[in-house]
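Note on naming: letters A, B, ... go to the chains in the order of the sequence lines (proteins, then strands), and numbering restarts at 1 for each one. As the structure is a prediction and not an experimental result, all values here were calculated from the model.
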Protein chains: 2
Amino acid sequence: MRTYKDIRQIVMERITSNEWPMGELIPNEQVLAEEFGVARATVNRAIQEIADAGFVERRRKAGTRVVPRRSRDAIVQIPVVREQIENMGENYRFALIARHIVPATKAAARELSISTGTKAMRIVCQHFAGNDPWQFEERWINLAAVPAAREQDFTSVGPNEWLVREVPYSNAEHTFRAAAASEQQSQHLGLGAGDPVFVIERKTWRRGKTITWVQLTHPGDRFSMITRDDIPYSDVASV
Amino acid sequence: MRTYKDIRQIVMERITSNEWPMGELIPNEQVLAEEFGVARATVNRAIQEIADAGFVERRRKAGTRVVPRRSRDAIVQIPVVREQIENMGENYRFALIARHIVPATKAAARELSISTGTKAMRIVCQHFAGNDPWQFEERWINLAAVPAAREQDFTSVGPNEWLVREVPYSNAEHTFRAAAASEQQSQHLGLGAGDPVFVIERKTWRRGKTITWVQLTHPGDRFSMITRDDIPYSDVASV
DNA sequence: TTTATTATTATGTCCATACATAATAACGCA
DNA sequence: TGCGTTATTATGTATGGACATAATAATAAA
């Protein structure tokens, strides 16, 4: 008997083979249910998942049509620095460089959505893979959102690991860019001034309050981010 | 009456508020169905979607438990260069620099999964935002996978746009990195040699055959990629 | 002809029920 | 005590029927 996964795969095959071309309507659920010998609810489930994945668009009364031009999107796993380093088979080490509670700079205040001069926590630290510097971290923490940070000295456990435990679910915005290493960055990363670095900038928030704003800088010659984006629900063992 | 979306939101709220802590079991479907006054199928649908989103893990007989440590993942929209430039309000222009059918280099052969020396298409071109160079493109096309490329001169329509139309559904692997501009890159991007560039490398394939391998280089001072990653199914108007 | 009303249609969702399946727990035997 | 068998349990999936809803088409009124 055919399951909704079978239906889902068959429908995906018809889409990706252009049997049902982009922009065109596909047969309605009733018709497909009869063709496949299943209940309409089964077809509905299959096609709804395909719609969630962005391959078709459904509208009541109008029917279901194949989405004209899909934008490519990649799912990037934002690396957790310790795991990343340990997965490379290297020894992970963390070093705190600075931890101050100081009035927020203009930029920090803007990013944290607090008024300039409000006290916030500034942290600078770095992470090593073996003996090689891997990541240089410059962070602001909004103490109004995470007051418990005052009690942390961040000497043994890094601020990111602590925050992930303290505020496990938060929204985030990431920016990836290439830049020339600043004086301080190049020094801590063991690079020449102006050498290319890969910067991940992250801002996280929850219930309207910004939690932290951080810039993670990596040596350009060693660091990269890889994503693999497969067509879902295709023939090749996708469950 | 409560819909499965209501249930989904309530359950997400209990997870993100740590009412149901990480690693712990949550009540089973029967119990929740009774609590919410709905059929078990309704609870099932709600929680299955949450499981697909990666917040809980379900196992028969064992039950459903909150996933211990979620890795942060970001959904990156890979920009389509023309759209990106036009969205910035700039005029898009494309210029072909080279188009040859030549024996694949060692690296190209490896990436295209063909034997070294097999003829493939090499394309070099660039894309402008107004008068400013925005992207420098170095591409190999596997002619065994896309023979129709031989008939294309790529003077008016760029290879990427053509390929997206020719092979609309393909799997992809992306690599993002920061690098120092090569001689050729810096020249075409109007940069100094060694200036930082943001490189997107992409390989696409379909039915086991590699289609194309391309390196897209952007000036580091102008280019960045931004992602926004919200906790799904949360209180704030999701869907 | 324009506008308001009504009918039609495809999808959206729910329910009760049934049975399948995978994982675990309990049991019985050696 | 160790091991193989059986029972139990939570989730997985299918069904037919029902009604809701949004969008469109058809119709009637102004």
Practice problem: For B/Arg2, answer base if it contacts any base atom (sugar-phosphate contacts may also be present), sugar-phosphate if it contacts only those atoms, and nothing otherwise; contact means non-hydrogen atoms under 4.0 Å. | Solution: sugar-phosphate
Exercise. Describe the nucleic acid contact of B/Gln30 in one word from base, sugar-phosphate, nothing, applying a heavy-atom distance below 4.0 Å.
Key: nothing
Quiz item: Heavy-atom contacts under 4.0 Å between residues 18-27 of chain B and DNA chain D, which residues?
Solution: none
At less than 3.5 Å, do the side-chain atoms of [X] and the base atoms of [N] form a donor-acceptor pair?
| X | N | answer |
| --- | --- | --- |
| B/Arg45 | C/dG12 | no |
| A/Arg58 | C/dT11 | no |
| B/Lys61 | D/dT8 | yes |

[X] vs [N]: side-chain N/O to OP1/OP2 distance below 4.0 Å:
| X | N | value |
| --- | --- | --- |
| A/Arg59 | D/dT24 | yes |
| B/Thr42 | C/dT13 | no |
| B/Thr64 | D/dT11 | yes |
| B/Gln48 | D/dG12 | yes |
| A/Asn44 | C/dT11 | no |

Practice problem: Could you tell me, to 10°, how much the axis swings from one end of the helix from C/dT1-D/dA30 to C/dA30-D/dT1 to the other, five pairs per end? | Solution: 0°
